[in-house]
Amino acid sequence: MNPYFSFNNVSGFTRSGLLLTRAGGVRTPAFMPDGTRGAVKSLTPEQVQSTGVPVVLANTFHLHLEPGEDTVASLGGIHRFSNQSLPILTDSGGFQVFSLAKIRKISEEGVLFNNPANGDEAFLSPEISMQIQLKLGSDMMVAFDDVTALDDAGRARTQEAFERTHRWLARSLAEFARLTKSMQPDERPLLFGVVQGGLSKKLRADSLKRVQDLPVDGIAIGGLSVGESRKEMHDMLDFLAPLYEPNRPRFLLGVGDPRDLRHAIERGIDMLDCVLPTRNARHGTAWIKGDKVIHLTNAQFAKDPSPIDPGCDCTTCQSGYSRGFLRHQFKVSEPLAGTLTSIHNIRYLQRICEEYQK
RNA sequence: GUGUCCGUAGUUCAAUGGUAGAACGUCACCUUGUGGAGGUGAUCACGAGGGUUCGAUUCCCUUCGGACACC
């Protein structure tokens, strides 16, 4: 039994559950939009909530660099700071160090890198990441991992990153325990450990076992959707599906294409986050019925009076915004276009999740 | 009315006696633990007519259009 997570088996590996966090319950499967800097780009908290998503992400890396966790804490913590009452999950910063920053040096202690905004030297480690996330006021935290790309250079480092991720997980867990030891069970945040191992089934199975052997609250699958093919990612999800122990939620990091979302949920994944619905929205691409994509900037929509997706119940489609209007707003670079399309895309993924909730 | 200069892509500009490039725009595509970022590909032009020449966007003439100066 897990006091924080209960679930029903739906069919095959698919399951539908309820995760209890100190900020409220989370129905799963759950898609969680990324609110990197404390806000889902271009959306108010109310607009985010209108999509029905149960959790919003925030980012350790970004909030640490600007405005800093002390500032967030002094403004009442992440919920009050961002005016968001939904449960908030913070990423560890591990992925951003790898994807955004110029890494100066990866050592056993941590990662030395340059702040991409101003070049300042900065340093993150498992302990520091835990401290930042707790200080931000996160409801669900992620252990600081060592991520590699799945291009040729990255694959050469898979084994090393795998080893280090587990050593860092032990340190994350120890620091987390130290920081939360005086908290009651219902007032402490939850901690997810990260599985790595690239595209090696042997390493993945080993990594999963090591993470599951530790008293983490949830299992995060990292290091996918980082440059490998769709088939490679799906094969790995297929491989992992029968290997999870049942009682903890499984969080697939960084996946948000509708096809991948379905594939993952049908392989036992409970939670996912991704920038795709919002980033794509800001660039004019929207999902419509059948997991198809339309480019709202296309000339063919200039005089199209229909909503993005006639069958959609999102506030954008229901309010009567036409494809023609949205195309115009995109062409003249009005942020409103990205806002309205983000609401639609997030709702699209949420509806997929709801299909599986029993 | 006279003189000078100028007409090249949708726009602003290049280059050249051997059929023309850029930027921006336009059109299409890519984006998976967010850089409101970035990238890829494509489309589009020598104002019109005549002459010289093997060959003219380039030189000459006419014409149309524009700018400036003079009157």
Side-chain angles (χ1 to χ4, degrees), chain A residues 31-43 55-63 65-66 89-102 114-118 129 133 138 140-150 165 192-196 218-230 232-234 237 250-264 269 271-287 293-302 327 329-339 341-342 345-346 349:
Chain A
F31 176 76
M32 311 178 289
D34 287 359
T36 306
R37 301 174 192 269
V40 178
K41 286 188 195 298
S42 88
L43 300 186
V55 179
V56 179
L57 259 75
N59 210 284
T60 297
F61 176 89
H62 298 267
L63 293 177
L65 297 177
E66 192 69 43
L89 187 154
T90 47
D91 195 6
S92 68
F95 182 81
Q96 289 68 40
V97 165
F98 139 78
S99 68
L100 301 178
K102 180 184 173 193
N114 291 111
N115 179 342
N118 57 22
S129 176
Q133 292 184 68
S138 171
M140 288 168 275
M141 302 168 42
V142 176
F144 190 73
D145 58 339
D146 186 357
V147 190
T148 58
L150 288 174
T165 289
F192 285 73
V194 183
V195 173
Q196 288 290 349
I219 311 300
I221 309 300
L224 291 177
S225 62
V226 288
E228 78 282 15
S229 71
R230 168 160 281 118
E232 286 174 315
M233 178 173 73
H234 287 195
L237 293 171
R250 305 142 189 173
F251 171 19
L252 178 58
L253 294 150
V255 170
D257 182 282
R259 292 166 291 176
D260 300 332
L261 199 70
R262 294 179 198 278
H263 191 95
I269 294 295
M271 306 158 66
L272 310 92
D273 80 290
C274 195
V275 303
L276 214 52
T278 46
R279 177 186 288 163
N280 280 355
R282 291 193 304 279
H283 294 98
T285 66
W287 290 302
V293 166
I294 62 171
H295 297 267
L296 287 165
T297 53
N298 287 7
Q300 62 171 305
F301 300 123
R327 171 183 143 86
Q329 297 299 328
F330 275 117
K331 298 308 283 185
V332 296
S333 301
E334 273 294 336
L336 178 63
T339 297
T341 307
S342 290
N345 279 349
I346 293 172
L349 298 184

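Letters A, B, ... are given to chains in the order of the sequence lines, protein chains preceding strands, and every chain is numbered from 1.
Residue-level contact check: A:Arg259 touches neither bases nor backbone, having no heavy atom under 4.0 Å from any strand. Counting non-hydrogen atoms under 4.0 angstrom, A:Thr297 reaches the backbone sugars and phosphates but no base. Among the atoms of the strands shown, none is found under 4.0 Å from any heavy atom of A:Glu334. If you check every strand for non-hydrogen atoms under 4.0 Å, A:Gly223 touches a base. Within the nucleic acid shown, A:His283 comes within 4.0 Å of at least one base atom, counting heavy atoms only. Among the atoms of the strands shown, only primed sugar atoms or phosphate atoms (P, OP1, OP2) are found under 4.0 Å from some heavy atom of A:Asp273.
Nearest heavy-atom pair across A:Leu253 and A:Asp273 is CA-OD1, 3.6 Å.
Taking atom CD of A:Gln300 as the reference point, atom P of B:A28 lies 7 Å away to the nearest angstrom. For A:Asp145 and B:G33, the CG to P distance is 13 Å, given to the nearest whole Å. Between the NE2 atom of A:His62 and the P atom of B:A37 there is a distance of 15 Å, given to the nearest Å. Regarding A:Asn280, its CG atom lies at a distance of 14 Å from the C1' atom of B:A37, rounded to whole Å. The CZ-P distance, from A:Phe251 to B:U32, rounds to 16 Å in whole Å.
Judged by distance alone with a 3.5 Å cut-off, a donor-acceptor contact links the side chain of A:Asp260 to the base of B:U32. The base of B:U31 is not paired with the side chain of A:Arg282 by any donor and acceptor separated by under 3.5 Å. Under 3.5 Å, the side chain of A:Asn59 and the base of B:G33 form no donor-acceptor pair of N or O atoms.
Relative ring orientation between A:Phe192 and A:Phe251 is described as perpendicular, the plane-to-plane angle rising above 60° on a 0-90° scale split at 30° and 60°.
The backbone N or O of A:Gln300 lies less than 3.5 Å from no partner atom in the side chain of A:Asn298, so there is not a single donor-acceptor pair.
Using a 4.5 Å heavy-atom cutoff, the side chains of A:Val195 and A:Ile219 are in contact. Side-chain atoms of A:Ser42 and A:Thr278, non-hydrogen and from C-beta on, never get closer than 4.5 Å to each other. The side-chain heavy atoms of A:Ile346 and A:Leu43, taken from C-beta on, include a pair separated by under 4.5 Å. Taking the side chain as every heavy atom from C-beta outward, A:Gln196 and A:Val147 approach each other to under 4.5 Å.
Toward the 5' end of RNA chain B, the nearer of the two residues A:Gly338 and A:Thr148, judged by each one's closest nucleotide, is A:Thr148.
Between B:C30 and A:His295, a contact under 4.0 Å exists linking OP1 or OP2 to a side-chain N or O. Distances shown here put a side-chain N or O of A:Asn298 below 4.0 Å from the OP1 or OP2 atom of B:C29. When the side-chain nitrogen and oxygen atoms of A:Arg327 are compared with OP1 and OP2 of B:U26, none of them lie within a distance under 4.0 Å.
Considering A:Thr90, A:Asp91, A:Asn59 as possible partners of A:Gln133, the one that fulfils the side-chain hydrogen bond (donor to acceptor under 3.5 Å, both in side chains) test is A:Thr90.
Look at the C1' atom in both B:A15 and B:C30: the space between them is 34 Å, to the nearest Å.
Counting only heavy atoms from C-beta on, A:Ser92 has its side chain closest to B:G33 among B:U32, B:U31, B:G33. Among B:U31, B:G33, B:C27, the nucleotide with an atom closest to any side-chain atom of A:Val147 is B:G33. Nearest nucleotide to the A:Ser42 side chain, out of B:G36, B:U32, B:G33: B:G36.
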**Fill in**
Each base of RNA chain B marked ( ) or [ ] if paired in-strand (Watson-Crick or G-U under 3.5 Å), | if paired to another strand and . if unpaired gives (((((((..((((....[..)))).(((((.......)))))....(((((..]....)))))))))))).
